[in-house]
Structures are given as C-alpha cells and as structure tokens.
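Okay, so here's the structure we're looking at.
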Amino acid sequence: GAVVSQHPSRVICKSGTSVKIECRSLDFQATTMFWYRQFPKQSLMLMATSNEGSKATYEQGVEKDKFLINHASLTLSTLTVTSAHPEDSSFYICSARGGGGGYGYTFGSGTRLTVV
Amino acid sequence: GNSVTQMEGPVTLSEEAFLTINCTYTATGYPSLFWYVQYPGEGLQLLLKATKADDKGSNKGFEATYRKETTSFHLEKGSVQVSDSAVYFCALRETSYDKVIFGPGTSLSVIP
C-alpha cells in the first residue's frame with residue numbers, strides 16, 4: 001500500500017535554530033501534501049496545504065515565515081521551523097493525497113520536536 | 001464552518017467488552033467520513049471510511065455507518081482487545097475543499 005516516510009521521528013534543538021522535517025511519498029506521486037500539528041492529548045490542526053511546484057496555502061493563524069514549506073517534487077515536501085522556540089515544541093505530522101487517488105490520505109509517522 | 005464532534009474520553013474498557021465511540025459532524029454538502037487510529041508515539045492510520053449516506057465502513061472488527069439523517073458516524077466494535085488501546089479520531093473530508101477536518105480524538109484503554 002501507499003507509504004509516506006517522515007523524517008526525523010524525533011529531534012531536539014536549541015532555541016533560535018532551525019529544523020527541517022521531510023515527508024516523502026515512497027511509492028506514489030503526491031501532488032498535494034498536508035502538514036499538521038498536534039499538541040499533547042489534542043487533535044490535529046491543519047497548518048498548511050502544500051502543492052507541488054507552487055506556494056503552500058497556510059491556515060489562518062499560522063505564520064508562513066516561521067513554518068516554511070517547500071514541495072519541490074512530486075515525492076517530497078519539507079517543513080522548516082525557523083528560529084524555533086520552546087512553544088514550537090509539538091508533534092508534526094504530514095499527510096499525502098494519492099497512492100490510489102480518491103479519498104486516500106496517507107499519513108507519515110510524525111516528528112516529535114522538542115525545543116530547549 | 002464544518003466540524004467534527006466526538007465523545008470525550010478517556011474510555012476504559014475490559015477486554016472483550018463492546019465499544020462505541022460517538023461521532024457527529026456538521027458539514028455542507030456530502031462529505032466523506034473517516035475513522036483514524038493513532039497508537040502511542042505514532043502517526044495516524046486510516047481505520048475505515050464511508051463516502052456516502054448509508055455506507056458502512058469496516059476493518060479489523062470495527063464498523064461505522066454514515067448516517068446522514070443524524071449526521072453521525074459512530075464507531076463500534078463487538079469485542080475489544082488490549083491491542084486496540086489507542087486514540088481514535090473521527091474526521092471528514094469536505095466535498096469542495098481538499099481538506100480533512102479532525103475531531104478532538106477519543107483515547108481508549110483496554111485492560112485485561
């Protein structure tokens with residue numbers, strides 16, 4: 001079945017540094033990818049929709065200059081958290097539409113970001 | 001706007017008990033409905049889905065029926081196992097937009 005690989009699974013970084021999270025569709029082409037953020041014991045909040053070859057569409061309240069999204073190919077989207085602060089610590093999950101089309105959304109395994 | 005509401009957890013059941021997790025939604029048009037499961041420390045996995053009214057999604061003993069008249073998509077399983085312990089998310093995909101909206105999630109713990 002469709003597989004989305006998300007890397008790294010865990011990362012700890014210092015305040016002020018930037019962190020890049022990768023999301024790859026391994027066996028299908030994903031024209032659209034989604035980035036979610038999940039706070040402890042809460043639901044997933046959509047941050048942005050990433051379309052291959054174009055600018056990402058950010059949800060209201062999400063700082064586009066802080067959360068940089070690049071979707072340069074049909075199999076790779078990246079989320080870069082710039083100048084990270086402790087409040088950015090969270091679980092980030094990507095999702096790709098494709099690998100069967102229609103209603104198929106395949107999720108990555110998530111990245112636990114801790115900013116110290 | 002569109003939204004998904006789930007019963008609050010956590011839910012604790014004994015092994016082999018019957019499970020129901022209620023889910024209701026608000027949406028314009030005819031959304032597709034999903035249940036996702038998240039095991040500790042992992043991402044989400046699609047558990048089942050239904051794309052139109054009266055459809056029944058089923059997988060691994062779990063079932064949910066798309067009820068348009070009550071705008072509900074309740075998740076049921078006749079006999080839960082310890083391995084079913086996880087967080088369950090009800091979700092909808094809007095018909096007009098390429099977006100999935102999640103409910104708040106319900107944590108399930110199954111004890112031996």
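We name chains A, B, ... by the order of the sequence lines, and we start the count at 1 in each one. FYI, side chains are in, hydrogens and waters are out, and symmetry mates aren't considered; it's all heavy atoms of this structure.
Contacts of B/Gln45 with chain A are absent, with no heavy-atom separation under 4.5 Å from either backbone or side chain. In this structure, the portion of A/Ile93 lying under 4.5 Å from any heavy atom of chain B is its side chain and not its backbone.
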Using the side chain to side chain contact (heavy atoms under 4.5 Å, CB included) rule, take B/Val100 and A/Tyr36 through it: C-alpha gap first, then chi angles, then the decisive distance, then the call. CA-CA 10 Å; B/Val100 177; A/Tyr36 293 85; 3.7 Å; yes
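Below 4.5 Å, heavy atoms of chain B meet no heavy atom from residues 69-76 of chain A. Interface residues of residues 85-92 of chain B toward chain A, defined by a heavy-atom distance below 4.5 Å and sorted by number: B/Phe89.
Around CD of B/Glu16, the count of heavy atoms belonging to other residues, nucleotides or ligands within 6.0 Å does not exceed 12. Around CE of A/Met45, the count of heavy atoms belonging to other residues, nucleotides or ligands within 6.0 Å does not exceed 12. Other residues, nucleotides and ligands place no more than 12 heavy atoms under 6.0 Å from the CD1 atom of A/Ile12. The environment of CD in B/Glu8 is sparse: at most 12 heavy-atom neighbours from other residues, nucleotides or ligands sit within 6.0 Å. The environment of A/Lys66 atom NZ is dense: over 12 non-hydrogen atoms of other residues, nucleotides or ligands sit within 6.0 angstrom.
Annotation for B/Arg93 and A/Tyr105: closest pair NE-OH, 2.6 Å, computed over non-hydrogen atoms.
The line from CD of A/Gln38 to CG of B/Leu44 is 7.0 Å long, rounded to the nearest 0.5 Å. Here A/Ser109 contributes atom OG and B/Tyr39 contributes atom OH; the two are 15.0 Å apart, rounded to the nearest 0.5 Å.
Both B/Phe62 and B/Val110 are members of a single hydrophobic cluster when ILVMFWY side chains are connected at heavy-atom separations under 4.5 Å. Cluster membership check: A/Leu44 does not share its hydrophobic cluster with A/Leu113, using side-chain heavy-atom separations under 4.5 Å among Ile, Leu, Val, Met, Phe, Trp and Tyr. Two different hydrophobic clusters hold B/Leu48 and B/Phe102 under the rule that ILVMFWY side chains link at heavy-atom gaps under 4.5 Å. In this structure, B/Met7 is not a member of the same hydrophobic cluster as B/Tyr36, with clusters built from ILVMFWY side-chain heavy atoms closer than 4.5 Å. Under the 4.5 Å side-chain heavy-atom criterion for grouping Ile, Leu, Val, Met, Phe, Trp and Tyr, B/Leu75 is connected to B/Tyr66 within one hydrophobic cluster.
Put simply, the side chain of A/Ser43 gets close to the backbone of B/Gly103: a donor and an acceptor are under 3.5 Å apart.
Side-chain contact check for B/Leu46 versus A/Phe107: every heavy-atom pair is 4.5 Å or farther apart.
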